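Taking it in order: structure first as structure tokens, then the write-up.
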Amino acid sequence: DAGVTQSPTHLIKTRGQQVTLRCSPKSGHDTVSWYQQALGQGPQFIFQYYEEEERQRGNFPDRFSGHQFPNYSSELNVNALWLGDSALYLCASSLSYNEQFFGPGTRLTVL
Amino acid sequence: ILNVEQSPQSLHVQEGDSTNFTCSFPSSNFYALHWYRWETAKSPEALFVMTLNGDEKKKGRISATLNTKEGYSYLYIKGSQPEDSATYLCASRRGDKYIFGTGTRLKVLA
């Protein structure tokens, strides 16, 4: 079992661009949550997907959207990037409401 | 307390020293308290999940306690080793939302 995997590892974009980050959950998990960790902060909850629907959402603007596929993998999309979106984006998977397991994250730099 | 707060923000200890960190969290609507160990460039690794007031958990030289009435948890490391160097994150789970602290960065000097 590869655990939770995320791609890409690192990404550099410029302001105004759009980005898509990907996450494959741990085998047997059906729920994916996304977090943003800015420098010096703890991970902040963005949203959670279950059964291909957004189940919960944190305090993030509509520029942040996501998707979950039938195989439970997930994408995080961010439109109209600005400098403040530079952060580590973590994906976590779980079996419904059980304990979350984290991926290594994607480091996004917006120039 | 509305947020999850951790202290200290960082610390350096000598190999063999014992140390402890604090996690403070909102005591209302509490569901569970999670501790994670996070090494640079790796995934956060779950250490403990604690749910009951008075819970004590232990894994090797690392242990944790929980007080849900006053909203705090302590993580203890006995006889610190250089491989214990990492960021230790706590997260309060309220329903199915995890609220993280900013972590305690531990550096164990050989």
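Chain identifiers are assigned alphabetically (A, B, ...) following the order of the sequence lines, protein sequences preceding nucleic acid strands; residue numbering begins at 1 within each chain. Below, all heavy atoms of this structure are taken into account, side chains as well, without hydrogens, waters or symmetry copies. It should be emphasised that the depicted structure is a prediction, and the values quoted were computed from it without experimental measurement.
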Practice task
Might you point out which heavy atoms bring A:Gly103 and B:Pro44 nearest each other, and give the distance in Å?
Solution key: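 Nearest heavy atoms, A:Gly103 then B:Pro44: O-CD, 3.7 Å.
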Same cluster (ILVMFWY, side-chain, under 4.5 Å), [X] and [Y]:
X	Y	value
A:Phe45	A:Val4	no
B:Ile62	B:Leu66	yes
A:Leu108	A:Leu88	no
A:Leu90	B:Leu47	no
B:Ile99	A:Ile46	no

Handout entry: Neighbourhood of chain B inside residues 66-74 of chain A, taking heavy atoms under 4.5 Å as contact
Key =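 From residues 66-74 of chain A, none sit under 4.5 Å of chain B.
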Problem - Atom CG of A:Leu83: over 12 foreign heavy atoms under 6.0 Å - result: yes
Donor-acceptor pairs under 3.5 Å, chain A to chain B, main chain and side chains both?
{"from": "A:Gln56", "atom 1": "NE2", "to": "B:Asp96", "atom 2": "OD1", "distance (Å)": "2.2"}
{"from": "A:Gln56", "atom 1": "NE2", "to": "B:Asp96", "atom 2": "OD2", "distance (Å)": "3.4"}
{"from": "A:Tyr97", "atom 1": "O", "to": "B:Arg93", "atom 2": "NH1", "distance (Å)": "2.8"}
{"from": "A:Tyr97", "atom 1": "O", "to": "B:Arg93", "atom 2": "NH2", "distance (Å)": "2.2"}
{"from": "A:Phe102", "atom 1": "O", "to": "B:Ser43", "atom 2": "OG", "distance (Å)": "3.3"}
{"from": "A:Gly103", "atom 1": "O", "to": "B:Ser43", "atom 2": "OG", "distance (Å)": "3.4"}

Handout entry: Contact leader toward chain B among A:Gly40, A:Pro43, A:Gly42, A:Pro104, where contacts are heavy-atom pairs under 4.5 Å
Key =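 Among A:Gly40, A:Pro43, A:Gly42, A:Pro104, the one with the most close pairs to chain B is A:Pro43.
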Handout entry: All pairs passing salt bridge (charged side-chain N to carboxylate O under 4.0 Å, His left out) where residues 77-95 of chain A contributes a residue, at least two apart
Key =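 Non-adjacent pairs meeting salt bridge (charged side-chain N to carboxylate O under 4.0 Å, His left out): A:Arg63-A:Asp85.
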Completion exercise
Here the disulfide bond (SG atoms under 2.5 Å apart) pairs for residues 55-86 of chain B, sequence neighbours left out, are none
